[in-house]
Amino acid sequence: MTDALPLLVVVPIVLALAPIAAGRLRENTGWIAAAVAAVVHLGLSVSVALTVRSAGRVSYAVGGYVPPFGIELVADGVSAALVVLVSAVTLAVVVYARAAGPRSNTFYSELLVLTAGISGMFVTADLFNLYVFLEITGLATYALVATGRSPAAALAALKYLLVGTIGASLYLLGVGYLYISTGSLNMADLAGLLPEVGYDSPLILTGFALIAVGLGVKTALFPLHTWQPDAYAESPDSVAAYISALVSTASAYALFRVLYTVFTPAFDAAVPVALDTLVVLASVSVVIGSVLAVLQSDLKRMLAYSSVSQFGLVVAGFAVVNETALVGGLVHLVGHAVMKAGLFVAVGALAAVAGGRTIDDLAGMADRAPVVSAAFAVLALALVGVPPAVGFAGKWHIVLGAVEGGRWIVAGVAIVSTLLTLAYFARVIERLYFRDAPAPAGVAEQPDATAAADADAALTADGSGAGSGGSDADGTPGVDAGDVPDADAVDAPVSTVPMRARLIVVAAAVAAVVLGVFATDLIAAFEPVVEVSFQ
Amino acid sequence: MTETLSLWPLAAVLVPAVGVLAIVASRRNPNVREGVTILAALSTFGIVASLVPSALAGTPHVTRLGTLVPGIDLTLRADPLGMIFALVASLLWLVTSFYSIGYMRGLNEHSQTRYFAAFAGSVGAALGVAFASNLVSLYVFYELLTVATYPLVAHDESDTARQAGRKYLTYTFGGGVAVLAGTVLVFWTTGTVAFTPGGIAALASADPVVARAAFALLAGGFGVKAALMPVHSWLPDAMVAPTPVSGLLHAVAVVKSGVFGIARVVLDVFGPETVSELGVGLPLAAIAAVTIVVASVIALRQDNLKRRLAYSTISQLSYIVLGLGILSPAALLGGLLHIPAHAFMKLTLFFCAGAIHVETHTDDISDMAGIGRRMPVTMAAFGVASLGMAGLPLVAGFVSKWYLLIGAIDAGTAVFAGVLFVSGLLNVAYFWPIVYQAFFQTPDDSDAKPLVEFPLGGSRVRADGGERVDDSDAGDAAESGDDLIDEVADGQDGFDASESPATAAVDPDVEPSAGESRVEIEAKVDGEYAVDRHPSDHRDDGEAGGDAAHAGDGAPDADHDPHEADHDHHGGPPATGWEARGFGAETTWFMLGPITFAAAGAVALGIAPRAMVFLAMIQRVVLEVTGVTL
């Protein structure tokens with residue numbers, strides 16, 4: 001059922017309009033729309049995955065226009081796996097946001113637009129179409145970061161807007177160069193046309209550089225990462241979980257597509273210096289990201305710099321250009337998304353109970369939130385690379401691929417990254433388990449009665465618009481006081497972790513271990529794509 | 001060798017893992033929880049013991065668990081070499097479980113559930129290390145072992161414990177990272193990482209540079225846990241953990257996993273022939289020899305009993321590595337036999353140290369004069385184990401040492417035989433005083449211990465006993481501490497440089513001159529050594545000086561619970577001297593039983609090594625690897 005491919009994008013977009021339209025009539029339709037969209041999206045992505053499993057690469061021509069003239073959507077092993085990942089993360093965040101995150105209709109609309117954008121990025125096979133979805137993703141993300149409702153969040157969103165738009169524009173410029181020289185925008189088509197123009201033609205090289213830098217901005221590699229710490233730290237927890245899991249992942253995936261489907265390994269053979277430079281930048285990103293992460297005391301910032309480091313590893317895996325390393329990069333891409341989402345949800349839950357956002361605030365939390373702390377520890381160690389979790393599988397292949405390719409420095413950096421990652425996670429685990437909690441500063445009920453009432457209503461009632469909307473202090477229909485100001489300095493701590501958060505974090509931890517144990521099956525899904533790329 | 005497909009190796013690893021869950025589930029009922037531990041330990045030992053006959057017969061049990069990464073299977077195989085380690089770990093876990101109950105309850109320790117659960121997890125991981133059939137599977141369980149033992153090292157939750165935990169993680173993950181690098185190199189060069197008795201054939205014909213690099217990374221990485229110098233220093237600091245942890249994990253399971261890894265590398269990855277062709281056996285043996293001697297010398301200066309035992313462990317572990325480096329069949333046999341031999345002996349010693357701590361809160365040797373009256377059976381077991389450590393006949397250490405000596409001479413490297421003799425002497429030197437003073441001296445009438453008390457290089461005394469006149473700035477803080485002094489004087493608070501020694505509370509026999517290193521001055525002033533805290537009665541003031549010094553957690557012997565600031569007496573005999581206790585009345589049988597069992601095991605291994613299954617297992621290993629029957 002290849003129609004599932006465009007539906008992956010269409011369904012979220014259409015349902016994104018629902019809360020805005022229906023919001024005139026009822027409050028809190030946002031959650032229902034998002035939940036429906038997430039479930040439908042999951043069904044669609046699973047059907048796509050099954051189709052790919054049986055039929056291999058699946059293609060869809062949008063509007064009936066034949067590629068390369070028209071826009072083509074493609075699903076193969078890699079994109080199918082990633083689309084399923086999108087569904088899973090969307091579902092998890094929608095569930096989590098019901099309890100923790102912003103609850104306004106606009107939030108859910110934006111989330112669905114973001115889902116559409118990211119799904120589009122994963123299934124498109126056209127460079128300009130990729131730009132369109134890149135911008136959709138970006139705009140939705142800027143808006144979502146700003147739902148943090150604090151001045152810092154607004155500033156973070158603005159910074160992200162500026163830097164992200166520059167990045168996307170660079171990407172567009174690069175695509176333009178390629179279009180001028182070849183006349184085509186279709187990825188597979190370009191793969192045949194570029195060698196005719198010549199890989200070492202200045203137009204092509206410039207196009208590659210612009211695209212790589214543009215996507216590097218969106219993936220947040222060092223030194224193009226400056227938007228990411230603020231964006232992750234100041235946005236609400238649910239938003240941070242979503243964008244950390246998927247936005248940079250999509251950009252890294254786009255880079256993979258550009259490198260392997262458009263430019264192909266023949267480009268590396270013709271102009272080695274291009275990808276060598278990328279390898280060096282990625283390796284630097286690994287080291288510096290970890291070092292910066294160690295210096296942080298704010299938890300979400302630490303996780304943001306951790307992402308910088310981990311994506312450096314992924315891109316290094318891509319840029320080494322051999323099969324093993326590519327497999328490693330892809331496995332780590334998927335695994336990191338799962339682990340980082342789980343880590344953000346865990347950090348959000350722990351910080352809510354502890355009443356603070358820094359590492360020291362988590363002292364002794366293992367007693368008060370044992371399940372979430374244990375799951376956090378499992379996820380952290382998985383990201384460090386302790387086998388048999390998925391972090392090890394990715395790292396093993398990247399290191400092996402680097403050694404096979406004679407890139408000793410990359411291999412060394414990847415191996416040392418284990419220790420660097422340990423450096424910033426061990427502190428947190430130590431605080432959680434081996435320090436005593438400070439004397440509690442009065443675990444009182446939230447003084448903001450509206451927020452408390454909203455929380456209760458959201459957890460117990462099922463979108464009873466009148467009940468929770470009526471407890472608004474100001475009662476304006478657009479502004480829902482359920483936007484818990486997460487970005488505020490210290491919320492009054494809740495007494496226990498909500499069950500949803502617990503479930504999500506434990507599910508993420510279990511998924512990380514299961515993915516690692518069954519890594520060979522995941523790799524088997526990627527194999528056809530990898531082989532095709534290296535023909 | 002034909003393999004028998006079965007689930008028993010997997011069961012041996014899973015039973016402790018399930019035990020972890022059961023222990024956590026029964027956390028509200030301590031007796032049930034302890035019962036779960038005992039039951040898990042008993043079942044694990046039963047399973048492992050049942051795998052012995054097939055391993056000896058050459059038909060080991062194998063469990064295939066699928067593919068870990070493409071090209072590498074996750075398989076658990078109960079082969080003879082793995083069975084040695086597995087038997088030691090599982091049997092001594094059973095013994096230590098009983099001991100732990102007595103110890104933890106005797107001290108009323110906190111977080112006992114976490115302790116017992118982490119213990120079970122550690123032993124499960126150790127069994128995984130033992131049964132892993134290739135380098136990657138071993139790496140998986142090796143890292144899990146690190147993760148499982150970290151909560152035990154940091155158990156106390158004091159600053160010292162956290163620092164020790166951090167150091168432990170850094171060192172062991174660093175070692176793990178090196179092992180990973182070496183594994184990747186081996187896989188890249190040969191296409192396989194499976195353990196093959198006699199070595200992977202393709203490594204013999206591989207590029208020597210790559211092969212040597214891989215060996216160095218693997219041996220170095222495993223050497224961290226095996227406490228080879230210079231990456232040994234995590235071990236003395238890890239003594240902050242509760243004594244059963246120190247005993248089982250750091251004398252038996254964790255460190256033995258390190259030497260076991262080296263054994264796998266030398267015997268089953270490279271093989272003795274390739275190792276000697278590459279020329280890496282001799283450097284390994286040389287590092288081991290240096291470790292043996294230097295660690296023993298450092299042990300001579302330790303006043304804290306557990307630290308002394310830690311350095312003794314570092315020294316004795318290198319016996320095993322020495323045997324693996326010498327490469328002749330007898331040396332291999334001796335080295336491998338030292339794995340169980342040392343395990344029994346060192347466990348006895350640690351159990352004794354723990355029992356002394358629980359019963360009398362004494363940690364320092366200088367406080368232990370005459371303690372044989374108070375704890376006769378304990379000190380008798382200590383004496384027996386010490387004899388074995390020195391290599392005297394009738395105790396286990398002799399048998400392994402005998403083979404090591406023969407092997408050293410066989411290989412033509414008689415210098416290592418000399419090293420072993422010297423080490424035996426040093427062992428006597430640091431164990432004998434403890435035993436002698438326990439039984440033949442009393443607190444009032446005990447000898448000075450110049451090696452422990454006096455500063456390196458001697459004290460500055462003139463020939464007629466008066467004070468040496470030097471330039472009198474007391475703030476002359478002179479040399480930065482070298483490793484030995486640091487290890488001796490850990491955790492000292494900031495020294496007030498303007499405080500001249502003469503006005504300190506404690507007035508030692510000899511006035512320290514200003515030129516002495518500040519460490520010795522601090523030691524005398526703050527009373528780090530017991531002999532300074534309880535000086536003889538010719539002193540001017542009657543203060544029991546230096547109380548303030550040990551209220552904090554900084555002292556290296558702080559392995560009791562953190563809330564013991566009310567002790568102004570740091571342990572040691574009560575004012576009236578040790579009271580005599582009869583047989584069985586000195587401590588609970590939870591602790592006494594394991595002590596006697598471990599000591600008896602050490603003696604049994606020494607008297608009838610062939611009857612104890614270890615020797616037969618090791619002979620099988622040597623046969624498979626070298627083709628020589630010993």
Side-chain angles (χ1 to χ4, degrees), chain A residues 323-324 327-328 331 363-364 366-367 370 374 377-378 380-382 384-389 392-406 408 411-412 414-423 425-427 429-431 433-436 516-524 527, chain B residues 24 27 65-74 110-111 114 118 128 136-147 150-151 153-159 161-163 165-166 168-189 210 213 217 221 562:
Chain A
E323 294 190 23
T324 322
V327 165
V331 169
D367 295 323
V378 169
L381 290 172
V384 167
V386 173
F392 168 72
K395 222 165 242 186
W396 166 266
H397 282 94
I398 294 177
V399 173
L400 187 59
V403 166
E404 283 174 3
W408 301 104
I415 284 205
V416 171
S417 74
T418 304
L419 289 178
L420 295 170
T421 313
L422 181 70
F425 276 127
R427 308 181 296 159
I429 297 180
E430 188 195 277
R431 296 284 189 296
Y433 282 98
F434 299 106
R435 277 192 203 257
D436 294 323
V517 169
F518 293 104
T520 39
D521 295 324
L522 187 61
I523 292 169
E527 270 304 312
Chain B
V24 172
R27 63 186 173 277
L65 292 172
T67 318
L68 195 58
V69 284
I72 298 175
D73 291 334
L74 183 62
H110 63 285
S111 302
R114 181 178 73 196
V136 176
S137 313
L138 196 143
Y139 175 74
V140 171
F141 288 107
Y142 201 72
E143 297 289 84
L144 288 175
L145 182 63
T146 301
V147 169
Y150 169 68
V153 174
H155 173 89
D156 258 6
E157 297 182 17
S158 61
D159 278 333
R162 281 194 291 268
Q163 273 174 25
R166 256 175 262 153
Y168 177 67
L169 274 187
T170 313
Y171 273 78
T172 47
F173 264 101
V177 150
V179 167
L180 182 63
T183 308
V184 169
L185 279 180
V186 170
F187 186 68
W188 170 57
T189 319
V210 174
L217 284 168

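The chains referred to below are lettered A, B, ... by the order of the sequence lines, with proteins before strands, and numbering in each begins at 1.
One distance of note links OH of Tyr142(B) with CG of Leu145(B); it measures 8.0 Å at 0.5 Å rounding. With rounding to the nearest 0.5 angstrom, the CG atom of Leu400(A) is 12.0 Å from the CD atom of Glu323(A).
Side-chain contact between Pro70(B) and Glu527(A) is absent, with no heavy atoms from C-beta onward closer than 4.5 Å. You'll find the side chain of Glu143(B) reaches within 4.5 Å of the side chain of Phe173(B), heavy atoms only.
For Leu381(A), the part sitting under 4.5 Å from any heavy atom of chain B is the side chain, from C-beta outward, and nothing else. Contacts of Val517(A) with chain B are made by backbone atoms alone, with heavy-atom separations under 4.5 Å and no side-chain atom involved. Of the two parts of Leu217(B), neither the backbone nor the side chain holds a non-hydrogen atom closer than 4.5 Å to a non-hydrogen atom of chain A. Only the side chain of Leu422(A) comes within less than 4.5 Å of a heavy atom of chain B; its backbone N, CA, C and O stay farther away. Residue Tyr139(B) touches chain A through both its backbone and its side chain, counting heavy-atom pairs closer than 4.5 Å. Contacts of Phe518(A) with chain B are absent, with no heavy-atom separation under 4.5 Å from either backbone or side chain. In this structure, chain A has a heavy atom under 4.5 Å from the side chain of Leu185(B), while its backbone stays farther away.
Among Ile523(A), Leu419(A), Thr418(A), the residue with the largest count of heavy-atom pairs under 4.5 Å with chain B is Leu419(A). Note: Ala154(B) leads Ala154(B), Gly165(B), Gly66(B), Ser111(B) in heavy-atom pairs under 4.5 Å with chain A.
A donor-acceptor pair is defined here as one N or O able to donate and one able to accept, closer than 3.5 Å; such a pair exists between the side chain of Arg114(B) and the backbone of His155(B).
Between Trp396(A) and Phe187(B), the ring planes are tilted. Angles from 30° to 60° get that label.
Residue Pro387(A) forms a side chain to side chain contact (heavy atoms under 4.5 Å, CB included) with just one option from Val69(B), Leu68(B), Val140(B), Leu180(B), and that option is Val140(B).
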